[in-house]
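First up is the structure itself, then whatever we jot down about it.
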There are 2 protein chains.
Amino acid sequence: MTPDVTAPSRTTYRDVRAAILSRITDGTWGAGTILPSEMELAEAFGCARATVNRAMREIEEMGLVERKRKSGTRVRAAPVRQARFEIPLVGDEIAANGGTYRYALVSTATLPAPDWLRGRMGLGAGDRVVHVTAMHYADGAPHQFEDRWINATALPEVLEASFDKQGPTEWLIAAVPYSEVEIGLMAVAAEGPLCDHLGHAPGAPVFRVERTTWWQGQAITHVRLNHAPGYRMTTRY
Amino acid sequence: MTPDVTAPSRTTYRDVRAAILSRITDGTWGAGTILPSEMELAEAFGCARATVNRAMREIEEMGLVERKRKSGTRVRAAPVRQARFEIPLVGDEIAANGGTYRYALVSTATLPAPDWLRGRMGLGAGDRVVHVTAMHYADGAPHQFEDRWINATALPEVLEASFDKQGPTEWLIAAVPYSEVEIGLMAVAAEGPLCDHLGHAPGAPVFRVERTTWWQGQAITHVRLNHAPGYRMTTRY
DNA sequence: ATAGATATTATGTCTATACATAATGAGGTT
DNA sequence: AACCTCATTATGTATAGACATAATATCTAT
């Protein structure tokens, strides 16, 4: 009985966040404005200060406001916008877009680390590495050429590994716990095996993701993920 | 008096976060492991559940664990790693690296929106746009070639604006409140004015950031930020 | 055995209160 | 004016308790 007409649910931090956000995006609280204090907002919204706090903290995370003790919360003049890109496994990425994924090993070799790699990974003169190249296809078409180096001194198991069926990324995920990572994005000119495998003309622009991974201070692997022509990395917010 | 030797400060969510994190990164809690419940951890760490909750929420944010009601918190098998790149104003970026920034307007024009842009920005047949191109220099050397289109129908003030001294980005920040954004990263071949201004050979790989901005559902601006050879966007975590 | 109802569990969130801490500003002293 | 001290203020964080909600496990009737 007595069906509640008004749905008396409490104010959530999402409500507060949305309310504050819309006041910022519609210009009511323009750049430089100092927002009311958490206490005032809590009273205005009829909720606890902790609720307002969480809402404001998340808006700060987004880069829209700056918070400082005693001074309060001010709307940023220049949005230090941060773009967040998800970097999933190639296979997952392709499957998520409804494509069929295929993996093919191109080559493997064990050799002393070349100079440029020693610098990048901080390896010693005697360190040996495993070099793996492989292709990732989406719906039969070339999608990504993977060019990976794995530190065999830090990870001797890699010498036993075969990358016939399973890509080195998957193998590494299983072999090494979570680690520190450096990611670089760049445009380079196509050359060498890259052209053959991805169908780039020599010198054509290639979108490359470079990633170096450390575990407990030791470099584990360095990879260059070269993408087929037309690849874009996008995000929206 | 009585200098406290033990500094009996309470366990913070940072402590808890660090403790959990290190157990994950050192492999104690490997991929697939289900962590103890918040209650159990709270007891173990001698703190309130809310403290553990915040720590775990942040670790989830980082993409290391997955949380589900009733099931609990499990360490992710494949790290859906998300790379976060800060995208500051060019001037700020250059200044932050200790360089000297210089801006130079290249051209401005008002014209009907070309077809490709109408599609991208969702403009009508009659809509006019302002096209601005400009250069950004770091220590005298070309750094970025900006190629921007601004919706003059949605933002008629742009017709009066001069971009002699101030870049269009700065002008837009002042003119438009916070907005919805789509960012795309790609590698393209250098052509046209780009080569002249950035010193790229025709066909050379260019790292381009494309950004489209909406405000209240209306497309405001579309910009292509073309970078000088050798540019890398990097992040580490 | 199978389907549906019910209990259980872990996370999700809100509240009220308390104290910590950084930053600012006011007063007073030199 | 320059410098110190101290009060004030807004945010930062911890806590105990409560209820909400999603997902799973279990129990029951068919």
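So that the names make sense, note that chain A is the first sequence line, chain B the second, and so on, each numbered from 1.
- Atoms CZ (B/R14) and P (C/dA20) sit 17 Å apart, rounded to a whole Å.
- In the helix from C/dA1-D/dT30 to C/dT30-D/dA1, the terminal helix axes, each the rotation mapping four pairs' C1' atoms onto the next four within five end pairs, subtend 10°, rounded to 10°.
- Between A/E66 atom CD and C/dA22 atom P the separation is 17 Å, expressed in whole Å.
- Applying the ring-ring contact (aromatic ring centres under 6.0 Å, His included) test to B/W149 and every residue at least two apart in sequence or in another chain returns B/W116, B/H131.
- With B/W29 contributing its side chain and B/R74 its backbone, the two residues share no donor-acceptor pair below 3.5 Å.
- Within the structure, every side-chain polar atom (N or O) of B/S37 is placed at least 4.0 Å from both OP1 and OP2 of C/dT9.
- Rounded to whole Å, the distance from CD1 on B/I59 to P on C/dT11 is 12 Å.
- The side-chain contact (heavy atoms from CB on, under 4.5 Å) check on B/S37 picks up B/M39, B/E40, with sequence neighbours excluded.
- Within 4.0 Å (heavy atoms only), A/R74 reaches no atom of the nucleic acid at all.
- Between the side chain of A/N151 and the backbone N or O of A/T153 there is at least one donor-acceptor pair closer than 3.5 Å.
- Read 5' to 3', the first and last nucleotides of DNA chain D with an atom closer than 4.0 Å to a heavy atom of chain B are D/dT13 to D/dT24.
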So which protein nitrogen or oxygen atoms get under 3.5 Å of nucleotides 23-26 of chain C's nitrogens or oxygens?
none

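- With contacts defined as side-chain heavy-atom distances shorter than 4.5 Å, the pair A/L21/A/L64 qualifies.
- Surrounding CZ of B/R67 are more than 12 heavy atoms belonging to other residues, nucleotides or ligands, all under 6.0 Å away.
- Toward the 5′ end of DNA chain C lies the nearest nucleotide of B/E38, the other residue of the pair B/E38 and A/Y13 mapping further downstream.
- Nucleotide C/dA20 holds its P atom 16 Å from the CG atom of B/D15, rounded to whole Å.
- Rounding to the nearest 0.5 Å gives a distance of 4.5 Å between CH2 of B/W214 and OG1 of B/T212.
- Of the possible donor and acceptor atoms, one in the side chain of B/Y103 sits under 3.5 Å from a partner among the backbone N and O of B/F163.
- For the side chain to side chain contact (heavy atoms under 4.5 Å, CB included) test with B/V158, the passing option among B/L172, B/T108, B/I150, B/T221 is B/I150; the others fail.
- Within residues 45-55 of chain B, the residues that place at least one heavy atom under 4.0 Å from DNA chain C are, in residue-number order, B/R49, B/N53.
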